[in-house]
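Note sheet for the following structure.
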Protein chains: 2
Amino acid sequence: MDQALQAHPQSRMPGPPEADAPAPMFDLIELFFFAYRDFVGDADRLLEDFGFGRAHHRVLHFVNRQPGLMIAELLDILGITKQSLNRVLKELLDTGYVEARPGVTDRRQRLLFTTSKGRRLAMDLSDLQSRRFERALGELPQGAKGPAIDFLLAMIDPAQRDKVASLVWGQPYEGAK
Amino acid sequence: MDQALQAHPQSRMPGPPEADAPAPMFDLIELFFFAYRDFVGDADRLLEDFGFGRAHHRVLHFVNRQPGLMIAELLDILGITKQSLNRVLKELLDTGYVEARPGVTDRRQRLLFTTSKGRRLAMDLSDLQSRRFERALGELPQGAKGPAIDFLLAMIDPAQRDKVASLVWGQPYEGAK
DNA sequence: TGAAATATGTCAATATGGCTGACGTAAAAG
DNA sequence: CTTTTACGTCAGCCATATTGACATATTTCA
């Protein structure tokens with residue numbers, strides 16, 4: 001019935017002799033894929049109740065994290081175009097999860113803030129995802145959080161690491177606490 | 001000029017006193033987001049040269065990993081509908097990266113295999129992503145791979161873990177080697 | 001002051017990757 | 001011989017992203 005489910009053949013390198021290329025790390029590749037999928041799945045389910053998608057989540061999250069964020073900064077963080085952002089942001093503004101206030105020193109800017117409603121949703125989403133991390137870390141030996149942070153940080157493009165670190169901690173990373 | 005870039009305010013919990021809810025793990029949440037983005041970015045860039053997207057990548061990857069995979073099994077792994085798969089799979093078949101052979105014992109089945117061209121592309125993609133893992137692990141203390149695997153596995157829904165483990169290792173997980 | 005750069009908004013067209021529902025067909029299983 | 005299974009396909013819809021072009025207000029600078 002399942003001759004289709006054979007033993008995994010990747011232990012044998014197929015094809016002609018290519019010297020000894022390091023074997024691909026299929027385990028990490030696939031685990032990263034599935035772990036991330038479950039990670040975002042938590043939030044996806046909650047967001048559905050509000051008629052929002054992942055795009056809304058990302059906007060809401062970073063606005064909540066950095067109140068007073070400018071449009072241009074948000075675009076830079078998300079790495080999308082303003083046209084893409086606009087539809088999503090508009091919906092968050094229209095439904096009252098995010099509000100925009102003109103900049104004080106520069107009135108061209110629209111500084112973004114979460115409303116109390118938006119803050120609550122953003123927190124609910126973060127709590128959901130934090131609970132997954134808590135569960136996962138709880139299954140691991142004591143002190144697994146530092147190494148996990150180090151691992152994830154090391155996976156990020158070195159060139160982007162400072163930017164990310166200052167976004168995450170408000171300053172360059174100083175090592176596991 | 002940048003009163004918009006204030007110190008991060010999340011250290012103070014906003015709103016009324018909600019007792020002491022555990023603080024959200026913003027660091028892990030955001031690092032996971034950025035790490036995954038860079039991780040898939042590597043492959044995305046290579047895939048563009050072939051006119052493929054992430055959907056093609058996933059199909060090619062799992063077919064390469066489990067030669068002789070049935071359509072239904074692939075759908076189960078990817079968690080998408082057959083209609084979604086079909087367009088992508090068709091393109092991989094038409095362009096000769098994947099081939100389908102009727103099942104031997106059950107001729108309704110279409111068993112999927114990568115062609116030599118497909119195997120090469122799949123390996124190139126896996127190598128790219130493996131190189132990122134190698135670089136990352138190289139920046140960490142010796143023996144960081146085991147904990148990384150354990151962390152990612154722990155992040156996966158417990159109910160799905162056996163399925164994932166048997167997909168990744170061909171058997172239930174036995175702990176870091 | 002007047003021109004240029006900046007921050008943002010908007011219209012239009014397009015691509016990709018998902019979805020649901022309905023229907024068809026060949027082969028296997030009872 | 002009927003039902004179930006494995007798969008394909010048509011049609012339409014949605015979400016998220018893209019590029020390009022153009023508009024508008026505001027700030028900056030020569």
Check for me whether the distance between the ring centres of B:F39 and B:F133 falls short of 6.0 Å. yes
May I have the step-by-step check of side chain to side chain donor-acceptor pair (under 3.5 Å) for B:D162 and B:Y173, ending in yes or no? CA-CA 8 Å; B:D162 275 2; B:Y173 182 54; over 6 Å; no
Sequence neighbours left out, cut at 3.5 Å: what donor-acceptor pairs do the side chains of residues 84-92 of chain A make with other protein atoms?
from	atom 1	to	atom 2	distance (Å)
A:S84	OG	A:T81	OG1	3.1
A:E91	OE1	A:H56	NE2	2.5

Whole angstroms only, please: what is the [atom1]-[atom2] distance between [X] and [N]?
X	N	atom1	atom2	value
B:L85	C:dT16	CG	C1'	15 Å
A:N86	C:dC11	CG	P	10 Å
B:L93	D:dC7	CG	C1'	13 Å
B:R37	D:dA17	CZ	C1'	12 Å
A:L92	D:dA15	CG	P	14 Å
A:L89	D:dT16	CG	P	13 Å
B:L69	D:dC7	CG	C1'	14 Å

Is the distance from OP1 or OP2 of C:dC19 to the nearest side-chain N or O of B:T81 less than 4.0 Å? yes
Of all the nucleotides listed ([options]), which has the minimum atom distance to the side chain of [X]?
X	options	result
B:R87	C:dT20, C:dG17, C:dA7	C:dG17
A:I71	D:dC7, C:dT10, C:dT8	C:dT8
A:A72	C:dT8, C:dT10, D:dC7	C:dT8

DNA chain D contacts made by residues 45-62 of chain A, counting heavy atoms under 4.0 Å: A:G53, A:R54, A:A55, A:H56, A:R58
Using a 4.0 Å heavy-atom cut-off to protein, can you give one letter per nucleotide of nucleotides 24-30 of chain C, 5' to 3': B if the base is in contact, S if only the sugar-phosphate is, - if neither? ---BS--
Sequence neighbours left out, what passes side chain to side chain donor-acceptor pair (under 3.5 Å) with [X]? Give chain and number order.
X	value
B:Q83	none
A:R54	A:D44
B:D157	A:R132

Confirm from the modelled atom types if B:Q83 and D:dG12 form a donor-acceptor pair under 3.5 Å, side chain to base only. no
Return the CZ to CD distance between B:F151 and A:E139, rounded to the nearest 0.5 Å. 11.5 Å
The reported gap from OH in B:Y97 to CG in B:L93 (rounded to nearest 0.5 angstrom) is 13.0 Å
Is there a side-chain contact between A:L112 and A:E99 (heavy atoms, below 4.5 Å)? no
